[in-house]
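Any value given below was found using the heavy atoms of this structure, including those in side chains, with hydrogens, waters and symmetry copies removed. Quick caveat: nothing in here was measured; it's all calculated off a predicted structure.
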Amino acid sequence: TGSVVAARLAEISASVLLIEAGTSGSSVTEVPLASSSVLGSSLDWSYLTEPDGQACLGMKNRQCLWHAGKVLGGTSVINYMIYARGDQEDFNTWERRGNPGWGWDDVLP
C-alpha cells in the first residue's frame, strides 16, 4: 500500500520518500507457495490484534496473529501474492472526503 500511495503522490509532482523496514527478502520469498515458511520469521512483523470480544475467541488471550511483511515489498512478499482489492465503500469515502481520484472506479488497475 505504501508504494502505491507514494506512486500516486509522485504523479502529482509531490516530493516522496518511501522507507521500508526489513531486508530485500530471500530466495524463499521469490516462490509464492513457500510463503508459509516465512510467516513468523524475521520477515514478518507478527502483530497481535487487540481483544474485542467479537473475534479470535478461541485464541490465546483472544488475540489473532496478524501477519505483515517486514521486507522490501511489504506484505505482498509473504501473502502468497494474493491480490486483495479492498472495500469499495472505503475508496468512495476517501474521495467524498476531498480526495479526488481515490474513488473505487478511479483506482482500478
Side-chain angles (χ1 to χ4, degrees):
T1 305
S3 56
V4 173
V5 172
R8 290 296 296 268
L9 290 169
E11 286 174 5
I12 60 170
S13 300
S15 213
V16 177
L17 171 64
L18 178 63
I19 299 174
E20 296 211 46
T23 67
S24 61
S26 69
S27 58
V28 174
T29 60
E30 300 295 321
V31 182
L33 192 57
S35 289
S36 63
S37 66
V38 298
L39 297 179
S41 74
S42 63
L43 303 179
D44 181 3
W45 288 105
S46 299
Y47 295 123
L48 289 173
T49 61
E50 291 293 321
D52 69 359
Q54 303 278 330
C56 308
L57 301 179
M59 306 301 286
K60 183 178 180 182
N61 298 324
R62 296 186 173 187
Q63 294 177 290
C64 283
L65 186 59
W66 192 276
H67 299 288
K70 184 171 43 169
V71 60
L72 186 62
T75 302
S76 62
V77 174
I78 67 168
N79 76 345
Y80 302 92
M81 306 253 331
I82 294 172
Y83 173 72
R85 172 110 197 269
D87 183 67
Q88 182 174 1
E89 189 55 30
D90 286 342
F91 287 95
N92 291 335
T93 299
W94 296 332
E95 186 170 46
R96 280 194 305 274
R97 290 183 176 170
N99 300 287
W102 283 92
W104 176 260
D105 293 329
D106 299 311
V107 296
L108 288 171

Discussion item. If you compare all heavy atoms of Ser46 against all heavy atoms of Gly40, which two are closest, and at what distance to 0.1 Å?
Written reply: OG-CA, 3.6 Å

Worksheet item: Is the count of non-hydrogen atoms from other residues, nucleotides or ligands lying under 6.0 Å from Glu50 atom CD greater than 12?
Response: no

Fill in: Thr29 side chain near Leu43 side chain, heavy-atom distance below 4.5 Å
yes

Worksheet item: Would you say the side chain of Asn61 lies within less than 4.5 Å of the side chain of Pro51, judging by non-hydrogen atoms?
Response: no

Worksheet item: Applying the 4.5 Å side-chain criterion to the ILVMFWY set and letting contacts propagate, would Leu39 and Val77 be lumped into a single cluster?
Response: yes

Worksheet item: Yes or no on side chain to side chain contact (heavy atoms under 4.5 Å, CB included) for Leu72 and Thr23, after CA distance, side-chain angles and deciding distance?
Response: CA-CA 6 Å; Leu72 186 62; Thr23 67; over 6 Å; no

Discussion item. For the CZ atom on Arg85, are there more than 12 heavy atoms of other groups (residues, nucleotides or ligands in this structure) within a distance under 6.0 Å?
Written reply: yes

Practice prompt. Looking only at non-hydrogen atoms, find the nearest pair between Val71 and Glu20 and report the distance.
Written response: O-OE1, 3.4 Å

Item to complete: Group every Ile, Leu, Val, Met, Phe, Trp and Tyr by side-chain heavy-atom contacts under 4.5 Å, then state whether Val107 and Val16 land in the same group.
Response: yes

Worksheet item: Are Val31 and Tyr80 connected in a single hydrophobic cluster, I mean Ile/Leu/Val/Met/Phe/Trp/Tyr linked by side-chain heavy atoms less than 4.5 Å apart?
Response: no

Worksheet item: At their closest point, which heavy atom of Arg96 faces which heavy atom of Thr93, and how far apart are they?
Response: NH2-OG1, 3.0 Å

Worksheet item: What pair of heavy atoms forms the shortest contact from Met81 to Pro32, and how long is it?
Response: CG-CG, 3.6 Å

Worksheet, complete the sentence: Of all heavy-atom pairs linking Gln54 and Asp52, the shortest is N-OD1, 2.8 Å

Fill in: Trp104 and its side-chain contact (heavy atoms from CB on, under 4.5 Å) partner, picked from Asp90, Asp87, Asn92
Asn92

Discussion item. Is there a path of hydrophobic side-chain contacts, each under 4.5 Å between heavy atoms of I/L/V/M/F/W/Y residues, joining Trp66 to Leu48?
Written reply: no

Worksheet entry | Neighbour count above 12 (heavy atom, 6.0 Å) for Leu33 CG | no

Worksheet entry | Short side-chain to backbone donor-acceptor contact, Thr49 and Gln63, under 3.5 Å | no

Discussion item. Taking Gly69's backbone N and O only, do any of them form a donor-acceptor pair with Asp44's side chain (distance below 3.5 Å, no angle check)?
Written reply: no

Worksheet item: Hey, are the side chains of Phe91 and Asn99 touching, using non-hydrogen atoms and a 4.5 Å cut-off?
Response: no

Worksheet item: Should Ile82 and Val28 be counted in the same cluster of Ile, Leu, Val, Met, Phe, Trp and Tyr side chains packed under 4.5 Å apart?
Response: yes

Discussion item. When you compare the side chain of Lys70 with that of Ile78, does any pair of heavy atoms fall below 4.5 Å?
Written reply: no

Worksheet, complete the sentence: Residues at least two apart in sequence or cross-chain that pass salt bridge (charged side-chain N to carboxylate O under 4.0 Å, His left out) with Arg62, listed by chain then number, are none

Worksheet entry | disulfide (SG to SG under 2.5 Å) pairs, two or more places apart, involving residues 15-109 | Cys56-Cys64

